[in-house]
*Asks:* 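Have a look at this one before I ask anything.
Remember, it's 1-based here, ligands and their atoms both numbered in the order they're listed.
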Amino acid sequence: MVKISASILSKRNLDTINELNQLDIDYFHIDVMDGEFVSNISFSLEELNKFEGSFQKPLDVHLMVNNPDNYFETLKRLNTEYVTIHYEILKDEELLNKIKDYGFKCGISLNPQTPIESIYPYLQKIDLVLIMSVDPGYGGQPFLFNSLSRIKSLKEEINNQQVNVLVSIDGGINLINYQEISKYKPDLVVLGTSLIDSLQPNDLISKFREM
Ligand code: DX5
Ligand code: ZN
């Protein structure tokens, strides 16, 4: 069954967090943006600190930042399970080791324009690949359908290398396009706008899980 990670990018407040704490989600997807790697800014260190103790589901943290190191200490104090950095800022494996040393599971995300094969040399070292199905930076964008062939290729490579790596997909996912996406069997889906704007979020989540 697919795991669901809820992005609260558009409503970063305690009321929303508390509502989501009551829902059948697996993770909070925390979109951290530094105004450098992407032009938008979200979840500054101050904002993250403010939410310490609020998250009752583990965090799946998506660092759209140039300097991920700055965030690890703060994330340690939150309920963080996955820390995902971007392939586009990765210089060497030292950063991946550091994430592991902190006790986090380690993910790498790829922008839609980055060839999916770029990640293949790292698959032995990581726990999750986050495929961006929109350009990073904003919620509410339309899903890029060429992401589907990227899921397929990546899953084949994971199978070839016989590694235990989850495939997550992030951006523009709703119940309508998920009918097609689900055929490619991602392990985890990130839901932003479609979940946050839903009037019956529990029904929505059950429908995703049934597909
Ligand atoms: C985009 C973020 C996504 C986004 C998902 O930069 O990484 O996680 O918030 O939101 P929707 O589902 O609205 O695209
Ligand atoms: Zn994200």
Side-chain angles (χ1 to χ4, degrees), residues 2-13 16-17 19-20 23 25-44 47-48 51 55 57-66 68 71 75 78 80-89 99 104-114 119 126-148 150-151 166-182 186-199 201 204-205 207-208 211:
V2 71
K3 288 196 189 308
I4 293 180
S5 198
S7 164
I8 55 166
L9 180 60
S10 61
K11 286 196 178 159
R12 303 194 300 276
N13 58 59
T16 305
I17 294 172
E19 279 167 33
L20 286 165
L23 297 180
I25 58 167
D26 296 285
Y27 297 98
F28 279 98
H29 180 88
I30 303 298
D31 285 308
V32 181
M33 304 182 185
D34 64 354
E36 291 177 7
F37 180 73
V38 289
S39 56
N40 206 356
I41 294 182
S42 70
F43 288 109
S44 60
E47 202 177 352
L48 286 169
F51 292 132
F55 297 110
K57 314 273 180 176
L59 303 191
D60 155 36
V61 180
H62 179 190
L63 293 175
M64 287 164 272
V65 304
N66 282 340
Y71 296 85
L75 293 177
L78 301 172
T80 304
E81 182 168 333
Y82 287 95
V83 171
T84 296
I85 50 100
H86 261 264
Y87 172 80
E88 295 79 11
I89 58 102
I99 292 172
F104 305 125
K105 290 179 185 159
C106 179
I108 301 182
S109 182
L110 291 97
N111 285 345
Q113 298 79 10
T114 303
I119 199 81
I126 60 176
D127 303 289
L128 175 140
V129 177
L130 180 69
I131 297 181
M132 291 305 298
S133 43
V134 297
D135 285 321
Y138 297 92
Q141 304 179 73
F143 181 83
L144 297 169
F145 273 89
N146 65 357
S147 313
L148 297 178
R150 290 159 67 77
I151 303 180
L166 299 186
V167 177
S168 179
I169 178 103
D170 182 15
I173 299 166
N174 56 44
L175 207 49
I176 295 167
N177 58 30
Y178 192 66
Q179 290 180 6
E180 185 63 19
I181 300 167
S182 63
D187 301 294
L188 220 139
V189 289
V190 177
L191 301 181
T193 314
S194 63
L195 179 63
I196 298 296
D197 290 355
S198 169
L199 298 174
L204 183 86
I205 290 167
K207 285 183 182 143
F208 268 93
M211 272 198 259

*Asks:* Considering the heavy atoms of G172, write down every atom of ligand 1 situated less than 4.0 Å from one of them.
*Replies:*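 By the 4.0 Å cutoff, the relevant atoms are 11 (P), 12 (O), 14 (O).
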
*Asks:* Can you tell me the N, O or S atom of D31 that's nearest the Zn ion (ligand 2)?
*Replies:*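 Result: OD1.
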
*Asks:* Would G137 count as being in polar contact with ligand 1, using the rule that some N or O on each side must be under 3.5 angstrom apart?
*Replies:*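 Between G137 and ligand 1, an N or O pair is found under 3.5 Å apart.
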
*Asks:* Please report which non-hydrogen protein atom sits nearest to atom 1 (C) of ligand 1, along with the residue it belongs to and the distance in Å to one decimal place.
*Replies:*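 Its nearest protein heavy-atom neighbour is Y138 O, 3.5 Å.
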
*Asks:* Rounded at 0.5 Å granularity, tell me how far CZ in F51 sits from CG in N13.
*Replies:*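 Going from the CZ atom of F51 to the CG atom of N13 covers 6.5 Å.
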
*Asks:* Taking L59's backbone N and O only, do any of them form a donor-acceptor pair with T80's side chain (distance below 3.5 Å, no angle check)?
*Replies:*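 Here the side-chain-to-backbone pair does not exist.
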
*Asks:* Hey, does the side chain of Q141 reach the backbone of G171 with a donor-acceptor pair shorter than 3.5 angstrom?
*Replies:*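 Checked: no pair found.
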
*Asks:* Starting from the Zn ion (ligand 2), look over the N/O/S atoms of D170 and name the nearest one.
*Replies:*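 Output for this pair reads OD2.
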
*Asks:* List ligand 1 atoms under 4.0 Å from M64, heavy atoms only on the residue side.
*Replies:*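 Every atom of ligand 1 under 4.0 Å from some heavy atom of M64: 6 (O), 7 (O).
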
*Asks:* With no hydrogens and no angle check, just 3.5 Å: does a side-chain donor-acceptor pair link T114 and N111?
*Replies:*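 No, no side-chain donor-acceptor contact under 3.5 Å.
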
*Asks:* Which residue supplies the protein heavy atom nearest to atom 5 (C) of ligand 1, what is that atom called, and how far is it?
*Replies:*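 Result for atom 5 (C) of ligand 1: D170 OD1, 3.6 Å.
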
*Asks:* Side-chain contact, heavy-atom cut-off 4.5 Å: S109 with D170?
*Replies:*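 In short, these two side chains do not touch, never coming nearer than 4.5 Å.
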
*Asks:* Hey, which atoms in ligand 1 end up nearer than 4.0 Å to a heavy atom of G140?
*Replies:*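 It comes down to these atoms of ligand 1: 11 (P), 13 (O), 14 (O).
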
*Asks:* At a 4.0 Å threshold, what atoms of ligand 1 neighbour a non-hydrogen atom of D31?
*Replies:*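 Those of ligand 1 that fall under 4.0 Å from D31 are 2 (C), 3 (C), 4 (C), 7 (O), 8 (O), 9 (O).
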
*Asks:* Can you name the atoms of ligand 1, numbered from 1 with element, that are less than 4.0 Å from a heavy atom of H29?
*Replies:*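 Near H29, the atoms of ligand 1 are 8 (O).
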
*Asks:* Quiz question: by atom type and distance under 3.5 Å, do the side chains of D31 and S7 form a donor-acceptor pair?
*Replies:*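 Yes, side-chain donor-acceptor contact under 3.5 Å.
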
*Asks:* Only to 10 degrees, please: what angle do the ND1 atom of H62 and the NE2 atom of H29 make about the Zn ion (ligand 2)?
*Replies:*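 For NE2 of H29 and ND1 of H62, the angle centred on the Zn ion (ligand 2) reads 100°.
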
*Asks:* Side chain or backbone of T193 under 4.0 Å from ligand 1, or both, or neither, by non-hydrogen atoms?
*Replies:*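 T193 to ligand 1: contacts from backbone and side chain alike.
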
*Asks:* Can you tell me how far apart NE2 (H29) and CG (L191) are? Round to the nearest 0.5 Å.
*Replies:*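 That separation rounds to 10.5 Å.
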
*Asks:* Is there a donor-acceptor contact under 3.5 Å from the side chain of K3 to the main chain of Y27?
*Replies:*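 Checked: no pair found.
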
*Asks:* Quickly, which of T84, I85, V129, L130 forms a side chain to side chain contact (heavy atoms under 4.5 Å, CB included) with I108? Name it, please.
*Replies:*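 Exactly one pass, corresponding to I85.
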
*Asks:* Would D135 count as a polar contact of ligand 1, with the cut-off being nitrogen or oxygen pairs under 3.5 Å?
*Replies:*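 Such a contact does not occur with ligand 1.
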
*Asks:* Kindly say whether I4 contributes a backbone atom to a donor-acceptor pair with the side chain of D26 at under 3.5 angstrom?
*Replies:*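 Looks like yes, one N/O pair under 3.5 Å.
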
*Asks:* Would you say ligand 1 has an N or O under 3.5 Å from any N or O of G192?
*Replies:*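 Looking only at distances, the answer is yes, because the N/O contact criterion of under 3.5 Å is met.
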
*Asks:* Knowing that exactly one of D60, L63, D127, L128 qualifies, which makes a side chain to side chain contact (heavy atoms under 4.5 Å, CB included) with V83?
*Replies:*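 So the option named by the test is L63.
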
*Asks:* Closer than 4.0 Å to some heavy atom of M33 - which atoms of ligand 1 meet that?
*Replies:*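 Reading through ligand 1 atom by atom, the close ones are 6 (O).
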
*Asks:* Within ligand 1, which atoms have a heavy atom of G139 less than 4.0 Å away?
*Replies:*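 Matching atoms, with element in brackets: 10 (O), 13 (O).
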
*Asks:* Which of the atoms of ligand 1 are close to P136, meaning less than 4.0 Å from one of its heavy atoms?
*Replies:*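 Numbered from 1, ligand 1 contributes 6 (O).
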
